[in-house]
Structures are given as structure tokens and as C-alpha cells.
Amino acid sequence: MWAEVLLLPCRARLLPPLRLLHRAARAMRLQCPQFQALFTPGLRSVAELFEKKNYELRIAGGAVRDLLSGMTPQDVDFATTATPEEMKEMFTSAGVRLINNKGEKHGTITARLHEQNFEITTLRIDVVTDGRHAEVEFTTDWEKDAERRDLTINSMFLGLDGMLYDFFNGYEDLQNKKIRFVGKASARIQEDYLRILRYFRFYGRIAEKPGDHESSTLQAIKENAKGLAGISGERIWVELKKILIGNHVNHLVRLLYDLDVAQYIGLPVNGSLDELDRVSKSTENLCPKPMTVLTSLFKVKDDVTNLDLRLKISKEEKNLGFFLLKHREELTKATGPEPLKPYQDFIMDSREANTISKILELLKYQGEEQLLKEMQQWTVPTFPVSGHDLRKMGITCGKEIGSALQQLREEWKKSGYCMDKEELLSCVKKV
């Protein structure tokens, strides 16, 4: 018999109330609108196929975490007791299209039904791991699969009937805003050293306050930090960017230094942590790009170059780092009635791509919230005079036209870009 209860949050910023049905300490049934919204025609068709074959199918990992947090998951992954071969035979027999077979060796089959992709992975056990990759063995044991996952909040499964399967108290940790590894932290980290950064990323996303770590977890991270040297820069950068735009940024980046992680992920040895504190606070509500926050650690151009060598950041990110490093002190607001004018002048004089975007990030870096709003509303004006206008006035020499246009631009700039064509052309004789 199911006993229906209403679980209520017990702390500030806790999870929304969820209607759950208790069967045992580790099994509950979820009922919420976000969960019901997942049942598209595609998912109903997938569920029917698995049910006919008596293969178990459950929602896995991050989607379960998001649903329990009252959020609609962006991506939904599924786990099953069916092997890849069994899934391929089942889908092929039903005329279902299979796409992207790259994940098949890891147990993942992607089926497309009703214009929707479904990524479904066979339950697995890691047989051999080297800190980067794993050789897996398929299983039908849900707890064994959960045991190989990184964090307790990511180790839960949700049946399509709403039944929650929680082998490692992930829901309790989610309620209490606690980030813990499944089982022994050092063991989970040594299976994939990138989990060090995933720990910090989810801490910034879930934890309510800085400094709420278990000492054994921090010790395990410090002892295994060197393992990140063997992880690809691209994978590290994906995680680091999410840390930089999450909560508790200054606390988490300081931990990267305190636990000897920074040196293995491309950060400068003597990063400007005080500047990071200032910038992370001033940009808190301004949605800065990850590179904007990270540049606060840099002192010289080589810091950006070395980061790029390690993490393979994009050209746009690299150029933004150089831009902020060069202009963060020299390009500042003007005193008087037009504080935004130096930034506007810079944009008008610049021939570089994406200058407006860079200036917006500079204003965020400087904590100029009001000027940022004004700049976002400002439309770059078009210079109203052309060489054709000057030829009509009798100026035919190309050199003279170029000189006159340049001087007229200066007059236009002095006017705050307000002078129109007629007013500017009236200055030609004076020029």
C-alpha cells in the first residue's frame, strides 16, 4: 500500500514541495508538472517498446536532480537493463531510426521518434579506469550503475511511473544543499580526475553558502589534483567556465589554489585573487562571460597565452582576455555629464570586430552597472557625410576628401555624434 505524504522544505532556498509516495527509505514516487511534461508522443512510444520487451527504462542522472529541484531539465538521459544489441534489434524491428552510433561501445543508443532524440544507455560497471577513460561491463544491477556515478545528487534514477530510486541519499543531500561524492571521494576522483572540477561546479550551483565542505573531500581533491594534468584542456575548460558563472566564485577559485589544482588547469601561479574578489562581487548580477571573470586573475599577456596553450580556448575568448587586460585601467568613465563618452568614442574609432561586445564586458568587469544599461540601449550612429557629398561641393582631390572627412568626424565626435549632415557640411569651408 502506498501512503501519500507531502514533503516540505526545511531551509531557506530549499526545494519546492513535491508530492511523493513512500515505499521505503530509498524509494519514493514523484508527481510534479515538470515530470508530466516529459511525456511527449515520442517518449510514450519509447516506453511502450521497452514495456513490450520487459526491459526496464528509467530517467537517469542530472534530469532527475533537476526534476527534484522543481526545474524542467534541458536534457533527459535514460538508463536501461537492455543491452545495446537488444535495443538495436528492438528499435530496428519497430522501424525506428537510430542515429549517432559513436556512443554504442559505451552502451549508448540514440533513437529518433516523433522528431525527438532519445539517448538511452545500458547499465554499466567500470571494469578498468585510468583517470580519463573507462572500460565498461554491462549489468542489470541499478545500484551498481549508481555506484559508479560521481556525486550523490547525480546518482538517482526515476521510473516512468514516477518512482524515485535513490541508493546513496542523493535526495537528502539535494534538500540539504550538500555536495558529496558517491562512496569514497578518492576512488570516484581516480576513476576520472575531471570529477574534481565537477565537484566545484555543482557546489557553485547547489550549495547555499561557501565553505560547507567535508574535510575528507578537500583532502582527497588535494591528494589527486595532479591527475588533472592528464585531462584534455577542452574538457577542463567546459567545467571551469561553469564554475566561473556559478555562485561562490571567489571562494571556489581560492580553493583551486589552496588545493594545488590551479597549476594543472592553466591558471597563473600567482593569480590576483584580491582582484578576483572585487570583480566577482561587482559582476554578481551582470551576467559576465566566464573569460571576463577569469581575466581578473591575470597580470600580464602571457597569462592569457598560457591559459590558451593549456585549455585551447576560442579565439574570441582569447581576444577578450587581451582586451580586458589592456583596457581595464586605461579606459574608464569620464567625469562630468557624459560618463559614457570614452567608451562610445572607443567604439566609433575602433576597427576591431565585436568591439561593442568587448566594451560591454569591460563595463561589467569595472562594475559599472548603470553605464552598462545605457550602453546596451545605445545605438551606434552612422556618420552622415560621405565622399560623394564633398565631391558635390567641388572637392575632387582624393587626398583632400580623406582629410576633410577625418576632420568632420572629429567635429561630429565633439558634438556627441549629434551633428547632422547639413551642420557638418556647413563646417567644410571652415575646415
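We're numbering straight along the sequence, starting at 1. As the structure is a prediction and not an experimental result, all values here were calculated from the model.
Residues forming a side chain to side chain contact (heavy atoms under 4.5 Å, CB included) with Gln34 (at least two apart in sequence, or on another chain): Cys32, Leu67, Thr72. Residues satisfying the side-chain hydrogen bond (donor to acceptor under 3.5 Å, both in side chains) criterion with Asp308, sequence neighbours excluded, are Lys318. Residues satisfying the ring-ring contact (aromatic ring centres under 6.0 Å, His included) criterion with Tyr343, sequence neighbours excluded, are absent altogether. Every residue two or more places apart in sequence or in another chain that forms a side-chain hydrogen bond (donor to acceptor under 3.5 Å, both in side chains) with Asp349 is listed here: Lys413. Applying the salt bridge (Lys or Arg N to Asp or Glu O under 4.0 Å) test to Lys341 and every residue at least two apart in sequence or in another chain returns Asp345. Residues meeting the salt bridge (Lys or Arg N to Asp or Glu O under 4.0 Å) test with Glu147, sequence neighbours left out: none. Under the side chain to side chain contact (heavy atoms under 4.5 Å, CB included) criterion, Glu115 pairs with Arg112, not counting sequence neighbours. Listed by chain and number, the residues in a ring-ring contact (aromatic ring centres under 6.0 Å, His included) with Phe322 amount to none (sequence neighbours excluded).
Between the side chains of Thr40 and His114, no donor-acceptor pair of N or O atoms lies under 3.5 Å. For Glu317 and Ser314, the side-chain atoms include at least one donor-acceptor pair closer than 3.5 Å.
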Item to check | CA sep, side-chain torsions, deciding dist, call: Ser357, Lys289, side-chain hydrogen bond (donor to acceptor under 3.5 Å, both in side chains) | outcome: CA-CA 10 Å; Ser357 174; Lys289 293 182 178 179; 3.3 Å; yes

Determine all donor-acceptor pairs shorter than 3.5 Å in which one atom belongs to a side chain in residues 73-92; sequence neighbours excluded.
from	atom 1	to	atom 2	distance (Å)
Thr80	OG1	Glu56	O	2.7
Thr80	OG1	Ala82	N	3.1
Thr81	OG1	Glu56	N	3.0
Thr83	OG1	Glu86	N	3.1
Thr83	OG1	Glu86	OE1	3.4
Glu86	OE1	Thr83	N	2.9
Lys88	NZ	Glu104	OE2	2.8
Thr92	OG1	Lys88	O	2.6

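Counting only residues at least two apart or on different chains, the ring-ring contact (aromatic ring centres under 6.0 Å, His included) pairs with a member in residues 344-375 are Phe323-Phe346, His327-Phe346. Counting only residues at least two apart or on different chains, no ring-ring contact (aromatic ring centres under 6.0 Å, His included) pair has a member in residues 266-317. Pairs of residues two or more places apart, or lying in two chains, that qualify as ring-ring contact (aromatic ring centres under 6.0 Å, His included) and include a residue from residues 209-240 are Tyr199-His213, Tyr203-His213, His213-His251.
Judged by the 6.0 Å and 45° rule, Arg58 forms a cation-pi pair with Tyr165.
A donor-acceptor pair is defined here as one N or O able to donate and one able to accept, closer than 3.5 Å; such a pair exists between the side chain of Ser415 and the backbone of Trp412.
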